[in-house]
S.K.: 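Would you mind keeping the following structure in view while I ask a few things?
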Amino acid sequence: QKGNIGRTIFALNLQNGAGGSHLAVIKELQTHPVTGRFLHVDFYEIDLNRKLRVRIPLVPQGKAKGEELGGMLQIIEREVEVLCLPRQIPDRLEVDVTPLGIGETLHVRDLPLPDGVELPPGVNYTVITIVSPKAEAAPAAPAAEAETPGEEAGAAEKAEEPSDKA
């Protein structure tokens, strides 16, 4: 599955090396720029009892209140780095965005993490925010200009009224 390759655990059997199977994850994968074929793979041997630092996709769920009011959901980070044991690596982190209003943000510390999964120490950044669309702000300015001549015409009529009474 594309995008999941760095979180997949492989059992490597070496022909000329020490006997037995070695558990590993892919550390780096090089592909040919034109054909997309694999050129080189670096594996990282893992211990099932030691936590790994892996990047997990972030999947927003639901429609935010701010979106219903005309705002736009802006995803700042599509992946989040977490620490967990190799057998506890989640496929994705689903986050409910329905309570977010316009101008509100969701930080890494606000994410619901599965059991055995934790954030690296000292990490807290914005992953999702609800922004007010700029497209609606631009048409509002010409509408304000259209009201201004009408207001001036109304003021001119009021100015003429007192002269009629005199």
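This structure is a prediction, so every number in the text was calculated from the model and none was measured.
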S.K.: Taking the side chain as C-beta and beyond, is there a heavy-atom pair between I26 and T8 under 4.5 Å?
M.R.: no
S.K.: Going from CD1 on I102 to CD on E67, what distance comes out if it is rounded to the nearest 0.5 angstrom?
M.R.: 10.0 Å
S.K.: Looking at CD1 of I128 and CD of E77, how far apart are the two atoms once the value is rounded to the nearest 0.5 Å?
M.R.: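 With rounding to 0.5 Å, CD1 (I128) is 10.5 Å from CD (E77).
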S.K.: Looking at R78, I'd like to know if its CZ atom is crowded, meaning that more than 12 non-hydrogen atoms belonging to other residues, nucleotides or ligands lie closer than 6.0 Å.
M.R.: no
S.K.: Any chance you could measure T105, atom OG1, to D110, atom CG, to the nearest 0.5 Å?
M.R.: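 Nearest 0.5 Å value for the OG1-CG distance: 7.5 Å.
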S.K.: In this structure, would F10 and V41 fall into the same cluster of hydrophobic residues linked by side-chain contacts under 4.5 Å?
M.R.: yes
S.K.: Side chains of Y125 and V80: closer than 4.5 Å at any heavy-atom pair?
M.R.: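 Yes; the side chains approach each other to less than 4.5 Å.
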S.K.: Taking the side chain as everything from C-beta on, heavy atoms only, tell me whether L93 gets closer than 4.5 Å to P112.
M.R.: no
S.K.: Are there over 12 heavy-atom neighbours, none belonging to N13, within less than 6.0 Å of that residue's CG?
M.R.: yes
S.K.: Indicate yes or no for a side-chain donor-acceptor contact from R109 to the backbone of V123 under 3.5 Å, with no hydrogens or angles considered.
M.R.: yes
S.K.: Between E118 and K51, is there a side-chain N and carboxylate O pair less than 4.0 Å apart?
M.R.: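 Yes, this pair counts.
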S.K.: Under 4.5 Å between side-chain heavy atoms, hopping through other hydrophobics if needed: is there a path connecting L83 to L52?
M.R.: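 The answer is no; the residues belong to distinct hydrophobic clusters.
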S.K.: Side-chain heavy atoms under 4.5 angstrom apart, residues restricted to Ile, Leu, Val, Met, Phe, Trp, Tyr: same cluster for V127 and V131?
M.R.: no
S.K.: Is any side-chain heavy atom of E81 closer than 4.5 Å to a side-chain heavy atom of P120?
M.R.: yes
S.K.: Please check: side-chain N/O of T129 versus main-chain N/O of E104, any donor-acceptor pairing under 3.5 Å?
M.R.: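 Here the side-chain-to-backbone pair exists.
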S.K.: Hey, any chance I76 and V82 share a hydrophobic cluster, counting ILVMFWY side chains that come within less than 4.5 Å of each other, even indirectly?
M.R.: no
S.K.: So, for T126 and H107, which heavy atoms are closest and what is the spacing to 0.1 Å?
M.R.: OG1-NE2, 3.3 Å
S.K.: Is the shortest side-chain heavy-atom distance between V25 and P86 below 4.5 Å?
M.R.: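 Counting from C-beta outward, V25 and P86 never come under 4.5 Å.
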S.K.: Can you tell me how far apart CG (N49) and CG (L85) are? Round to the nearest 0.5 Å.
M.R.: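 Taking CG in N49 and CG in L85, the distance rounds to 7.0 Å.
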S.K.: Hey, could you give me the CD1/CG distance between I130 and L69, rounded to the nearest 0.5 Å?
M.R.: 10.0 Å
S.K.: I'd like to check L58 versus L111 (side-chain heavy atoms, cut-off strictly below 4.5 Å). Are they in contact?
M.R.: yes
S.K.: Taking a hydrophobic cluster as the set of Ile, Leu, Val, Met, Phe, Trp and Tyr residues connected by side-chain heavy atoms closer than 4.5 Å, whether directly or through intermediates, do M72 and I75 fall within one such cluster?
M.R.: no
S.K.: As an exercise, state the distance from OG1 of T98 to NZ of K63, rounded to the nearest 0.5 Å.
M.R.: 12.5 Å
